[in-house]
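Atoms considered below: every heavy atom in the structure, side chains included; atoms not considered: hydrogens, waters and symmetry mates.
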Amino acid sequence: MTAAAVESKPAGTEVRFSPTAPVFGAFVALAFLAFLFTDRLPGWMSELPQAWRLGLDSGISNAMKWLVEQASFGLFTFKDMTRAIADVLNIPLDVATSIFSTGLQQGRGSAAVRLAPPLPWVAVIGIVAALGYRFGGRRLALLAGGAFLYLAVFGQWASAMTTLSSIVVAAPLGILVGVVTGVIGYRVPLFKRIIGPVLDLMQTVPTFAYLIPILFLFGFGPVAAMIATMIYAAPPMVRVTMAALDGVPREIVEYGTMAGTTPRQMILKVMLPAARPQLLVGVNQVIMLSLNMVIIASMIGAGGLGFDVLTSLRRLDIGRGLEAGLAIVMLAIALDRLSQAYAEGARLRDAQGGGRRFFLGLAAFVVAAYVLGLFLPFVATYPEALQFSTAPFWSAAVQWINVHFFDFFDAIKTFLLLNLLLPVKRFMLAQPWPLVIAALATAGWWLSGWRLASLVSALALFVVLNGQWEFAMVSVYLCAVAVFFAALIGVPLGIYSGLNPKAWRIVEPVIDTLQTLPSFVYLIPAVMLFRVGDFTAILAIVLYALAPAVRFSAHGIRQVPEMLTEAGTSMGCTSRQILRRIQLPVALPTILLGLNQTVMLALSMLVITALVGTRDLGQQVYMALTKADTGKGLVAGLCVAAIAIVADRLIQGGASRLAAQRRGAGDAA
């Protein structure tokens with residue numbers, strides 16, 4: 001680098017030699033050599049011998065066995081403590097289930113005697129519609145009430161109320177745990193540094209992996225499913241709470257200090273109320289993640305709509321599976337819009353007042369509907385004669401497609417398998433782990449320095465030392481191909497939608513549906529059309545992970561400052577030149593963040609696709625669940641988390657580097 005080039009750089013910018021092209025070319029050459037001479041490589045480069053491995057899986061299994069069978073605190077055992085916690089959590093769950101689903105009962109199971117019925121469907125729909133009107137006006141009232149009416153009309157009411165009973169308990173508990181943990185993280189910097197990696201693991205370890213220890217500790221049933229839901233949904237609330245408290249204006253904090261508040265009063269009376277709008281965004285995330293968990297939670301006794309979808313998948317009953325999946329979507333849309341409207345209009349409602357009269361009127365309506373339901377059956381339960389079912393339509397549609405287009409779909413599947421999927425899979429499996437770790441370290445150093453290089457190298461080495469390298473490479477192959485197709489479809493679609501508001505109005509509801517549709521639902525039509533195997537798994541992953549690529553690309557294009565596009569127009573640039581030279585470079589960091597989310601969703605789908613015959617880390621987690629092997633499941637889950645963190649940090653490093661280069665170019669100009 002010449003002296004003139006060094007002097008032209010902005011002040012404070014580090015000048016560092018970046019051998020990108022030569023190093024990248026060297027790694028590509030070595031990768032192809034490894035592919036060509038796989039049989040001549042030492043065996044330990046492909047998979048470590050058993051004697052060299054850490055044995056973490058057996059250690060975890062033994063520790064869990066000791067906790068469940070031997071650990072004690074004198075008067076009670078560790079198992080007694082966890083079962084006591086389950087009994088306490090079962091109290092609010094029983095109350096919610098009695099209100100919405102079963103009614104007040106004496107006894108359990110087939111011997112249970114109903115003492116009082118649950119809330120009538122008219123009352124529940126009235127509550128939802130009234131809250132929608134209170135929070136967002138007539139349109140939200142119609143949307144929320146219509147979504148719940150859909151559940152009754154299409155025969156999904158009983159299962160939906162079971163699911164709702166779990167959500168109305170799991171979501172508030174997850175919010176409470178998240179807020180308390182976030183407050184501690186804000187007050188104690190050391191705890192904040194410790195909780196960061198823990199939250200990363202909680203959000204990246206497949207949910208199946210921690211179902212096994214939850215089963216051991218809390219038993220099989222709705223309470224264990226609720227605890228799993230809380231663990232899955234709480235991390236975003238923790239992050240949002242810490243970020244919201246950090247963002248409270250200093251003037252408000254100083255005012256509280258001048259008023260003589262204690263540290264507890266400062267948090268409860270000053271900072272949390274000031275951070276309320278941001279906290280309500282976290283509440284929305286907890287609700288949506290709780291709904292995303294309903295099918296997986298049904299595997300350990302949750303019941304409800306998730307159990308219906310899971311049962312339909314096992315029977316390959318596409319009609320009933322899609323119908324139950326769409327019911328989850330309706331429930332998710334209603335709760336999502338209500339929580340968003342509540343977050344956006346909280347201060348306005350406080351200023352308007354009238355809350356007491358509203359809730360008294362709503363309570364009077366519920367009591368009247370309940371009393372009428374005791375005498376009029378159609379008020380208490382939606383009449384079966386007025387119910388409809390779309391299950392036969394969906395089943396017939398898939399059957400018709402199979403009859404008329406089987407050869408076409410099979411030809412596409414065979415072509416992609418032979419010409420893309422299998423070659424990529426063989427290439428990935430041929431790569432020796434020392435070469436891959438060296439490539440990751442080099443990429444990390446180039447993007448963000450030695451710290452990122454050390455992190456990604458250590459995480460990749462963790463996979464190697466636990467004997468999961470081959471399964472990890474299959475997982476990387478599945479995710480890489482799926483993310484490639486998701487980006488190939490999603491990024492251009494997002495860019496077009498960002499440039500065309502009319503197109504976005506059509507695309508947005510489709511993306512919303514894809515994001516709320518449970519992951520298991522994608523497997524049903526994929527299996528019915530393409531049978532089982534890698535192609536089916538990749539197709540399901542693409543459908544599940546497509547939404548962030550579209551949404552972030554559209555957002556990135558829309559947020560490009562108008563002054564830049566106007567400057568390009570005034571210089572005589574065509575629309576294509578403005579897109580290529582102005583809008584895409586500015587939006588690229590945001591697009592990369594969208595691809596980062598696409599990668600995360602693809603990895604989270606791995607365990608689900610294990611049901612259709614993939615042989616990767618997801619299958620290892622699922623097999624461990626079926627065999628109740630805690631150590632094997634957690635180790636495989638941690639390896640998935642390691643891949644996710646590596647991808648996340650590298651993509652974030654690339655986005656940060658691009659943003660820094662853009663700022664540097666602007667400063668230089």
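Nearest heavy-atom pair, Ser61 versus Gly631, reported as atom, atom and distance to 0.1 Å: OG-N, 2.9 Å. Residues Pro548 and Ala545 share a closest heavy-atom pair of CD-O, 3.3 Å.
A distance-only check finds no donor-acceptor pair linking the side chain of Lys413 to the backbone of Phe535 [under 3.5 Å]. Of the possible polar contacts, one joining the Ser395 side chain to the Gly319 backbone as a donor-acceptor pair under 3.5 Å is found. In terms of modelled atom types and a separation under 3.5 Å, the side chain of Gln468 and the main chain of Val463 share no donor-acceptor contact. Between the side chain of Thr609 and the backbone N or O of Leu606 there is at least one donor-acceptor pair closer than 3.5 Å. Under the 3.5 Å distance criterion, the side-chain polar atoms of Asp336 are left unmatched by any main-chain donor or acceptor of Ala332.
Pairs engaging residues 584-595 under the side-chain hydrogen bond (donor to acceptor under 3.5 Å, both in side chains) rule: Gln559-Thr590 [sequence neighbours left out].
With rounding to the nearest 0.5 angstrom, the CG atom of Asn466 is 8.0 Å from the CG atom of Leu638. Separating the NZ atom in Lys632 from the CG atom in Asp57 is a distance of 9.0 Å, to the nearest 0.5 Å.
Within a 6.0 Å sphere centred on CZ of Arg320, other residues, nucleotides and ligands contribute 12 heavy atoms or fewer. Atom CZ of Phe307 sits in a sparse spot, with 12 or fewer heavy atoms from other residues, nucleotides or ligands closer than 6.0 Å. Within a 6.0 Å radius of CH2 in Trp469, other residues, nucleotides and ligands contribute more than 12 heavy atoms. Counting non-hydrogen atoms of neighbouring residues, nucleotides and ligands closer than 6.0 angstrom, the CZ atom of Arg580 exceeds 12 such neighbours.
In terms of the salt bridge (charged side-chain N to carboxylate O under 4.0 Å, His left out) criterion, residue partners of Lys425 (sequence neighbours excluded) are, by chain and number, Asp534. Contacts of Tyr232 classified as ring-ring contact (aromatic ring centres under 6.0 Å, His included), with partners at least two apart in sequence or in another chain: none.
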**OP:** Take Leu539 and Thr536 through the side chain to side chain contact (heavy atoms under 4.5 Å, CB included) test and state the conclusion after the steps.
**Re:** CA-CA 5 Å; Leu539 177 61; Thr536 302; 5.7 Å; no
**OP:** Decide side chain to side chain contact (heavy atoms under 4.5 Å, CB included) for Leu579 and Ile495; before the verdict, give the C-alpha distance in whole Å, the side-chain angles of both, and the deciding distance to 0.1 Å.
**Re:** CA-CA 9 Å; Leu579 175 64; Ile495 292 172; 3.9 Å; yes
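Side-chain contact check for Gln619 and Thr614: no donor-acceptor pair (N or O, by modelled atom type) lies under 3.5 Å.
The shortest side-chain heavy-atom distance between Lys65 and Thr630 does not fall under the 4.5 Å cut-off.
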